[in-house]
2 protein chains.
Amino acid sequence: MPDQAALSRMAQKLRRVCLESTAEAGSGHPTSCMSAAEIVSVLFFDEMRWDPRDPSGRRADVFVLSKGHAAPILWAALHEAGAIDDDPMTLRRHDSRLEGHPTPLVPWVRVATGSLGQGLCAAAGMAWARKLDDEPGRVYALLGDGEVAEGSVWEAAEFASCNGLANLCAVIDLNRLGQSGPTMHQHHAEVYERRLQAFGWDTAVVDGHDLAALQEAFARARRASRPFGIVALTLKGKGVSFLEDKEGWHGKPVKKGDELARAVAELGDTSLRLRVEPRRYDGEPRPAEAAIALTPAYEKGQEVATREAFGAALAKLAKSAPQVVALDGDTKNSTFSEKFKAVAPERFVEAYIAEQDMVGVALGMSTEGKVPIASTFACFLTRAYDFIRMAVYSRPRHLVLCGSHAGVSIGEDGPSQMALEDLAMMRALVKATVLYPSDAVSAERAVEAAARTEGVVYIRTSRPKTPVLYANDEPFPVGGSKTLRQSGKDAVTIVAAGVTVFEALTAHDRLQKEGVAVRVIDLYSVQPLDTETLRRAAAETRGIITVEDHSVRGGLGEAVAAAVSGRTRVQILGVRDLPRSGKPAELLRAHGIDADAIVRAVREF
Amino acid sequence: MPDQAALSRMAQKLRRVCLESTAEAGSGHPTSCMSAAEIVSVLFFDEMRWDPRDPSGRRADVFVLSKGHAAPILWAALHEAGAIDDDPMTLRRHDSRLEGHPTPLVPWVRVATGSLGQGLCAAAGMAWARKLDDEPGRVYALLGDGEVAEGSVWEAAEFASCNGLANLCAVIDLNRLGQSGPTMHQHHAEVYERRLQAFGWDTAVVDGHDLAALQEAFARARRASRPFGIVALTLKGKGVSFLEDKEGWHGKPVKKGDELARAVAELGDTSLRLRVEPRRYDGEPRPAEAAIALTPAYEKGQEVATREAFGAALAKLAKSAPQVVALDGDTKNSTFSEKFKAVAPERFVEAYIAEQDMVGVALGMSTEGKVPIASTFACFLTRAYDFIRMAVYSRPRHLVLCGSHAGVSIGEDGPSQMALEDLAMMRALVKATVLYPSDAVSAERAVEAAARTEGVVYIRTSRPKTPVLYANDEPFPVGGSKTLRQSGKDAVTIVAAGVTVFEALTAHDRLQKEGVAVRVIDLYSVQPLDTETLRRAAAETRGIITVEDHSVRGGLGEAVAAAVSGRTRVQILGVRDLPRSGKPAELLRAHGIDADAIVRAVREF
């Protein structure tokens, strides 16, 4: 292992590369890297056991850079260690993998960071999965002090101690200066230490530029029986006199030329090559995996809420697919994820009322080969929107989110519990799959598809019981739809999903008695969309009426309007006004999304 | 003042009303009310100084029920105190103001609650505004223990201690049982106390059913020089043997008839009337208010980023309108809200990196007559989506949010810093205004309109500098648009907003040279939409091309597609793929939203 002189020189070299690469890019955060140089040097070249040839992380320690704006020092360390060949001087270029904040374009990046306060949640998810699988490798997360103001950090701290994640070590780079001024507690390390301890962590406060002190703290962390937090007192811009501990230098590179030369000169001799000797843990971890397949077994007409069918499907996966893990935010008896817990309690995570952490933890688990399925009321997933957005950039193999209690049809609990924006927020994601089953069979198929589909998948379930519509062998491919009623003389097409499918069917029957034929489509796949079927309906009928238990904006209706634009007229029925408590049927009526409203709309067409 | 025997009997009476009203409704959370009965009895009938005839809260203490599912006991207490006439037995009915969770349909409810973990943020905002105005009334917040798992609670705790809010008192109703099982720390009051202390609060741990202990704790809170937290050990369902401290009773009413009768019988004699004697503080608070009016003073062609114009407009409001307060999440030098701070530091809140708390605090301030304007990077407002959603239900007089650095045009920082979903999430809100200025003049007018418009208003600003397009006296009414280029023979209409307006203008000029006339509309008001102008364009040109620096789903394009559905074809140009770091121009090109892409789209039309 390198001696402290070498580690010290490596820290200076990392500083130099960060100064040079950000100067070359003309943007970036060199001073935020420089405070962490000794921490990164010790972690990558001494403390962590890893193999620079293998980014899988198997039988090795892994690292999460929660303070994502310090990306240049991560790129520099990986490059110095021989883990990547990318030239650090291509930082932030459009043709470079070395982005301004870490993304998995570089395979060593397990989760995208840069929205602060998220890394520790993901790291805790990794640590949890590793504990489950007897994976001996540890998880290290490097946080900035500014981001510790995010409540999600404390949700993660709670999760880690509650789950006994002694394989998790967090370092807070206490460099005193945020983006726009000093942090709240500046160099008061004792504030951070007291809080970590109050959240059940073991701690050390160290001089973050003292290699020996860091090494000793990491050694203590390895021996600890609880998650370990190292509060590292550092200076932003450390090593260069005109940057060190100075305000006004956040997110600013030094200028190429004289300024850069002066800065680099202060770092002294940085000539050094340190290759990381591949080190791995003994003992084979025991992750298990099986094919994902479900076969619904319902009877047509049987009354089952889609949320309940979701839970039943989870329970089947609990039995058959050991890679599936389930998480819930203290709503397991409402989302019915408790059915999973009943079968496989060791793979069920009670995330309590902390939705940001729940999603972050699930993302972390996915990097360990798990298929995480996290559920809560759909409206409370709005809480985790930033985490979900970042999860998309993390390009997870699997991340399934289920939101129950969608729309006004939940009834008496009132607007705070009604998801009316979830379809919009999930659809707007640059890459995600959105499924919205209407009955038990399609709900079970949605779970099956979600667990098989790559990336972020959202399933929207409903509170009310609905009759089983589909045969058990009915396929529900992602991107499809089901045309439930159709004739040669359909006047109008009604596009519905979830609970409104049944309103549409009732409207169909009522109109049929009047001699008016309408087509009814169950648009269970909201994203991607079955554009072909919608366009055929646009061509074959005089117009489309969409009806959704969701805001009129950003959901089903606008998706359809965009898909058939220029082909036919789309009238969108959805929630336009502030809802209030009431019976489900009263609310569907009040907001104009029940069968009566559909019949009226068809007549007006 | 009532003696302890009366307060004790009132607690039992409140329990009785909660049991009866939820039994009548057939749903609701009686046991979550019963644990808090002594706390509520002491607060409303002894501790708080208030006037049941005046919900304004002026020179009086105010109350926030953060554990919103305990709404029935709030309704019961207000009814018993003579503050409302509504019959508690109408609970959760569609024609009743007494919703399942508190909403301001009842004017005593200052902020809607029911999504847990939000009440303390709002309460802290109220306390901050009261401190600013020398309003002597105190702020009380009642939290559940389950919701303390939400990180936002700790963001609020930090905010309160950091801002020295000694006028704030929080009570944690430590009833041990969450929705779906025991909380993480059950009755370990010391865990909560240690954490509150670690976050800078003074604390007391009490038996939450001991009236004297509660009274003494509240007295200590009044004397404290810091925010004060009371950890109240309670039993869920307290007072009824078959409910008390029992699992499986969350969110379940007892059955009308025998079960209800047995429960009520256990409460003993509840015959009692206690009217609250109106009490107010001496001393007149000093809130100040002035008309909101701005006059931009830019020169056409001047290069100014809309974010900078936003900051300049804020600074003007800082001078002219004392009711305006500004908040920022450690991005003030990027959003330019620092210009407000420079003028009125006492009305500027550094919310640090805690966006949920920032929005919650702002909402709380709005209930005190402030016009809060909160800013951060637009992408980080996703973090506060649940707070924004709940803010809509709080029907605030004013709540202005500004998100800067929208879209891929931010360039090198990469996807984590790019807002691509913000228009979708803000549009999907059942009631909100969304403004997206393209130049400095429209940005200043957006700030003016936002500060005057009722409810939640979102302003989207951009990072790059753009030339001033408009005359300083150009009006920008909410719901309007600007047709920038128009002729009698326009082939196609291009609808743009923000940075893409300039791409559209470039495309226009290029096409003009080829002899192709196109109409160009700046759709600065994204919600509400200028449907009339869009429909005229649909009628007068062969189609509409929308172009936005945002996801193709849920934004400008779909809004337009829905508005002109059946009238013309809309082609949506927007971000479809995961972006990465690069130069702004490279990214506009890569994602097909630059002038070239528009020209191509026009040609294909």
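Proximity to chain B (any heavy atom under 4.5 Å) is shown, for A:M184, by both the backbone and the side chain. For A:S27, the part lying near chain B is the side chain, with the backbone staying farther off; criterion is any non-hydrogen pair under 4.5 Å. In this structure, the portions of B:R580 lying under 4.5 Å from any heavy atom of chain A include both its backbone and its side chain. Within the 4.5 angstrom heavy-atom criterion, atoms from both the backbone and the side chain of A:T331 approach chain B. With a 4.5 Å cut-off on non-hydrogen atoms, A:F387 touches chain B through its side chain but not through its backbone. Only the backbone of B:T568 comes within less than 4.5 Å of a heavy atom in chain A; its side chain stays farther off. When heavy atoms are compared at a cutoff of 4.5 Å, B:R195 approaches chain A by way of both its backbone and its side chain. Of the two parts of B:V564, neither the backbone nor the side chain holds a non-hydrogen atom closer than 4.5 Å to a non-hydrogen atom of chain A. Neither the backbone nor the side chain of B:E193 comes within less than 4.5 Å of any heavy atom in chain A. Residue A:H185 touches chain B through its side chain alone, counting heavy-atom pairs closer than 4.5 Å. When heavy atoms are compared at a cutoff of 4.5 Å, A:D95 approaches chain B solely by way of its backbone atoms N, CA, C and O. Of the atoms belonging to A:M418, it is backbone heavy atoms, and not side-chain ones, that fall under 4.5 Å from chain B. For B:S334, the parts lying near chain A are the backbone and the side chain together; criterion is any non-hydrogen pair under 4.5 Å. For A:T113, the part lying near chain B is the backbone, with the side chain staying farther off; criterion is any non-hydrogen pair under 4.5 Å. Only the side chain of B:H29 comes within contact range of chain A, judged by heavy atoms closer than 4.5 Å. Neither the backbone nor the side chain of A:L91 comes within less than 4.5 Å of any heavy atom in chain B. In this structure, the portions of A:E150 lying under 4.5 Å from any heavy atom of chain B include both its backbone and its side chain. Only the side chain of B:R395 comes within less than 4.5 Å of a heavy atom in chain A; its backbone stays farther off.
Note: A:Y385 leads A:W154, A:Y385, A:F159 in heavy-atom pairs under 4.5 Å with chain B. Note: B:L105 leads B:V148, B:L105, B:L423 in heavy-atom pairs under 4.5 Å with chain A. Most heavy-atom pairs under 4.5 Å with chain B, from the set A:D328, A:V552, A:I388, A:D577: that is A:D577. No other option in B:Q527, B:E355, B:M425, B:R194 has as many heavy-atom pairs under 4.5 Å with chain A as B:Q527. For the set B:E421, B:R383, B:Q571, the entry with the most heavy-atom pairs within less than 4.5 Å of chain A is B:R383. Most heavy-atom pairs under 4.5 Å with chain B: of the set A:G146, A:G554, A:A351, A:G411, this distinction falls to A:G146. For chain B, the option among A:L98, A:D413, A:L420 with the highest count of heavy-atom pairs below 4.5 Å is A:D413. For the options A:E586, A:E99, A:R567, heavy-atom pairs under 4.5 Å to chain B are most numerous at A:E99. For the set B:K583, B:R427, B:E190, B:E338, the entry with the most heavy-atom pairs within less than 4.5 Å of chain A is B:R427. The greatest number of non-hydrogen atom pairs below 4.5 Å with chain B, out of A:N333, A:D386, A:L116, is found for A:D386. Note on B:S96, B:G543, B:G555, B:A157: by heavy-atom pairs under 4.5 Å with chain A, the leading option is B:S96. Most heavy-atom pairs under 4.5 Å with chain A, from the set B:E350, B:Q356, B:K431: that is B:Q356.
Residues B:A71 and B:G100 approach most closely at CB-O, 3.5 Å, considering heavy atoms. Closest approach of B:Y352 to A:T183, counting heavy atoms only: CE2-C, 3.9 Å.
Side-chain atoms of B:S394 come within 3.5 Å of backbone N or O of B:A112 as a donor-acceptor pair. Remark: side-chain polar atoms of B:E147 are paired, donor with acceptor, to backbone N or O of B:G144 under 3.5 angstrom.
Residues A:L381 and A:M426 form a side-chain contact, since some pair of their non-hydrogen atoms from C-beta on lies under 4.5 Å apart. B:H550 has its side chain out of reach of B:L556: every pair of non-hydrogen atoms, C-beta onward, lies at least 4.5 Å apart. Side-chain contact between A:V570 and A:I572 is present, with heavy atoms from C-beta onward closer than 4.5 Å. Put simply, the side chain of B:S551 does not reach to within 4.5 Å of the side chain of B:V575, judged on heavy atoms. At least one side-chain heavy atom of B:H591 sits less than 4.5 Å from a side-chain heavy atom of B:P579. Using a 4.5 Å heavy-atom threshold, the side chains of A:H101 and B:S581 count as separate. Here the side chains of B:H94 and A:E412 are not in contact, with every heavy-atom distance at 4.5 Å or above. With contacts defined as side-chain heavy-atom distances shorter than 4.5 Å, the pair A:L429/B:R553 does not qualify.
Heavy-atom neighbours of B:K332 NZ from other residues, nucleotides or ligands within 6.0 Å: above the threshold of 12. Within 6.0 Å of atom CZ in A:R97, more than 12 heavy atoms from other residues, nucleotides or ligands are found, so the atom counts as buried in its surroundings. Within 6.0 Å of CZ on A:R589 lie no more than 12 heavy atoms contributed by other residues, nucleotides or ligands.
Because its NZ or CZ atom is both nearer than 6.0 Å to the ring centre of A:F605 and within 45° of the ring axis, A:R569 counts as a cation-pi partner of that residue.
Partners of B:F336 by ring pair (Phe, Tyr, Trp, His ring centres under 6.0 Å), not counting sequence neighbours: none found.
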